[in-house]
Number of protein chains: 2
Amino acid sequence: MTEQGFIQPLFTVDNVMFAINNARLYVLLVKRAIAPYHNNWSLPGGFVDIALDKDVEACAMRKLKQKTGLTPAYLEQLEVFSGADRDPRGYSVSLAFFALLPYTPVSSQINSVSHASWWPLDQLTQLTLAFDHQFIIAQAHQRLQQKALYSMLPVFCLPATFTVGQLKMVIETILGKDIQRKSLMRRIEASDMFTLTEQKQVSGGRQAQLYQLKPGVDITHFSRNMGA
Amino acid sequence: MTEQGFIQPLFTVDNVMFAINNARLYVLLVKRAIAPYHNNWSLPGGFVDIALDKDVEACAMRKLKQKTGLTPAYLEQLEVFSGADRDPRGYSVSLAFFALLPYTPVSSQINSVSHASWWPLDQLTQLTLAFDHQFIIAQAHQRLQQKALYSMLPVFCLPATFTVGQLKMVIETILGKDIQRKSLMRRIEASDMFTLTEQKQVSGGRQAQLYQLKPGVDITHFSRNMGA
DNA sequence: GAAATAGTGTCTTTGAGACACTATATG
DNA sequence: CATATAGTGTCTCAAAGACACTATTTC
C-alpha cells in the first residue's frame, strides 16, 4: 500500500539479451525454478532490490549477472508491459530491457535451481515461454532490427576489435537480409566512430582491417537508414 | 512487500503533454496540492489504480483527464526514471509518457486543490519543478524533436483537418528552425497517410488545401529524416 | 593459378535543400 | 494594382543500392 492507500502493482524487470553465433540470432533464457510457470523458459529478470540497485538499469544488470553469469555490452530500456492478466500473481508492471553481447557460452548450471541457456530466436515459437515473454521478445527483436538500420548498435554483438566482414554478417543476421558491403564501409567511415588497428585473417582470403570503437563515442545515434 | 520478501519501490506514472499555441511550444503542468513539493509545479501523474487502469497507458490517460481535464491525441511511453533520490518519500520508479494534443485552454481550477496550466517550454527554466520533472521534460522534448525529423507525429498537435502551412509551423516550432515547404509537401505525398478535403482560408493569401489522416494509418513510422 | 575474402570505383536512384517561379486569394 | 500565402519546377547535393573491378591471402 502507498501513502495514498492504493495497492501497488508488482514491479519487475525483464531482460531480452541477444547475441549472434554462427550467423544465427540467439536469446538468453532461464528455466524458472518456482511457480508460476515452474520449469518454463523465461526472460531473466526479477524484482528491484532497493538496497542493491541504484536504479532500474543497475537492477537489470544485477539480475543478468546473477541469473546467467553474463554482463551485457549494451543495455537500454525497451518498454513497459503491464496489466492484470500477464502474471497470475496479480496486476503487474514489467520494464523490459534490450541487451546485446558478443556470444559467450553460458555455464548452464548457475545455481541449484535455475538453468540459463541461449536459444535461437527462430526456434522460440516451439517453446512455451512464461508470462508474455514471447511477445516481449518479439518487440525487442523489432527494436533491434530498426536500430540496426540507422545506428551502429550491432557492434555490441562483436568483440572490441572487429572486421567489416564480421559487422556485415551481424547486421545481415539481425535484419534477415543481405546488405551492401560498400554501403557499410561508407557508414563506418561517415560515422567517425571507429579507428583502425592492425590486421587479421579469417578463412581463405585477404586479411581484413580491424576496427575499434573510438573512446567516448555515443554509438546510439546515426542519422540515416540503410537497407529499408 | 512481495512474495519474495523485498520492499517494492513506489511506482508512478508521469505525463509530459505538449501543445503548440501561437508558434510556441507549451507543456501542461499541475500545481501540487500535497507534500512533497507542495505548491510546486509538476507533471500530471500519479499512482496506478489496479481496479481502474487496464494498463499503464490507461493510467496515464486517466490521470491526465482527472488532473487537467484533457485527453491526449497521441500518447507513447517515453522512459522509466528511477532511483532512491528522486522522491523524498523513498526509492521510486516513474514511467514517463510523452503526449501530444491540439492546444486547448485548461479550466485552471479542476478541483479544489490543484491547478493545471500550460507553460511555455522556454520559460520552464525560471520555474522550480517537483522531483526530476525538469529533466524528464528535457528528455521528452528531445524525443519530440527527434520524432519530428522522421515521422508525421506533429500532426497530433493539429486538428483532424489541417493545412500544409499549419503543419510546417508546428514542425518549425518543435525543431526551433525553419524547414522547406517543398520538402514537407513531398513527405506528405510520399507518406501516403493523408487525403485531401475541401479548402480553407487563412490570413491574406490563397486558400490552402485541407489534409486529413487516412483511417487506420500507423503514423508513427516514417523512414527518412528531414532537417537534420 | 584457382578460390576465397577484402576493399575500391563509379553509375544509378532516392529524397532532401535551395530557390525561383506560378497560382489564387484579400484589400 | 500590391501583398500575402499556397503550391510547383527543377537544379543541386548527400547517401544508399548495384555491381564490376582490383587486391591480397591460402591452397
Side-chain angles (χ1 to χ4, degrees), chain A residues 22-23 145-152 154 158 161-173 175-212 221-228, chain B residues 23 145-152 154 158 161-172 175-212 221-228:
Chain A
N22 221 28
Q145 290 189 320
Q146 274 184 42
K147 294 228 167 184
L149 288 175
Y150 66 85
S151 81
M152 286 294 181
L158 291 170
T161 193
F162 61 90
T163 69
V164 175
Q166 290 173 325
L167 183 54
K168 177 167 180 285
M169 179 276 288
V170 164
I171 295 174
E172 289 175 342
T173 301
L175 295 181
K177 66 178 244 190
D178 287 3
I179 60 167
Q180 294 282 326
R181 165 186 296 273
K182 180 73 183 189
S183 297
L184 179 55
M185 296 193 73
R186 277 189 290 228
R187 284 171 67 87
I188 290 172
E189 175 67 25
S191 74
D192 199 37
M193 293 171 170
F194 306 97
T195 44
L196 281 167
T197 15
E198 299 88 70
Q199 296 217 325
K200 178 195 176 185
Q201 71 172 28
V202 202
S203 61
R206 167 177 172 179
Q207 293 181 349
Q209 295 279 2
L210 277 171
Y211 287 83
Q212 189 175 10
H221 294 103
F222 198 78
S223 53
R224 295 277 168 176
N225 285 2
M226 180 174 56
Chain B
Q145 289 189 321
Q146 274 183 41
K147 294 227 166 184
L149 287 176
Y150 65 85
S151 80
M152 285 296 179
L158 291 170
T161 194
F162 61 90
T163 69
V164 176
Q166 290 173 323
L167 183 54
K168 177 167 180 285
M169 179 274 289
V170 164
I171 294 175
E172 289 175 343
L175 296 180
K177 67 179 242 189
D178 285 3
I179 61 169
Q180 293 283 326
R181 165 186 297 272
K182 180 73 184 189
S183 298
L184 179 55
M185 295 194 74
R186 277 190 291 228
R187 285 171 66 88
I188 291 172
E189 176 67 25
S191 74
D192 199 35
M193 292 172 171
F194 305 98
T195 45
L196 281 167
T197 17
E198 299 89 67
Q199 295 216 325
K200 178 196 175 187
Q201 73 173 31
V202 201
S203 60
R206 170 176 170 179
Q207 294 181 348
Q209 294 280 0
L210 277 172
Y211 288 82
Q212 188 175 11
H221 294 103
F222 198 79
S223 52
R224 296 277 168 177
N225 285 2
M226 178 174 59

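Per chain, numbering begins at 1; letters A, B, ... match sequence-line order. Both backbone and side-chain heavy atoms feed into the values below; hydrogens, waters and symmetry mates do not.
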Find the distance [X]:[atom1] to [N]:[atom2] and express it as a whole number of Å.
| X | N | atom1 | atom2 | result |
| --- | --- | --- | --- | --- |
| A:M185 | C:dT5 | CE | P | 16 Å |
| B:R187 | C:dG17 | CZ | P | 9 Å |
| B:E189 | C:dG15 | CD | P | 12 Å |
| A:L184 | D:dA15 | CG | P | 16 Å |
| A:L210 | C:dA6 | CG | P | 11 Å |
| A:Q166 | C:dT5 | CD | P | 13 Å |
| A:R181 | C:dT10 | CZ | P | 19 Å |
| B:I188 | C:dG15 | CD1 | C1' | 15 Å |

Task: Inter-residue atom distance B:M169.CE - B:L158.CG, 0.5 Å rounding - done: 6.5 Å
Task: CD-CD1 distance between A:Q209 and A:I188, expressed to the nearest 0.5 angstrom - done: 11.0 Å
- [ ] For A:A208 and for A:R186, find the nucleotide of DNA chain C with the closest heavy atom, then tell me which residue's nucleotide is more 5'.
- [x] A:A208
Task: Min side-chain heavy-atom separation B:Y211-B:T161 under 4.5 Å - done: no
TODO: May I ask you to test the A:K200-A:Q166 pair for a side-chain heavy-atom distance under 4.5 Å?
DONE: yes
TODO: Please report the closest heavy-atom contact between B:A148 and B:L175, naming both atoms and the distance.
DONE: CB-CD2, 3.9 Å
- [ ] Give the minimum heavy-atom separation between A:D178 and A:E172, together with the two atoms involved.
- [x] CA-OE2, 3.4 Å
TODO: Summarise how protein sits on nucleotides 19-27 of chain C as a single string, 5' to 3': B when a protein heavy atom is under 4.0 Å from the base, S for sugar-phosphate-only contact, - for no contact.
DONE: B---BBBS-
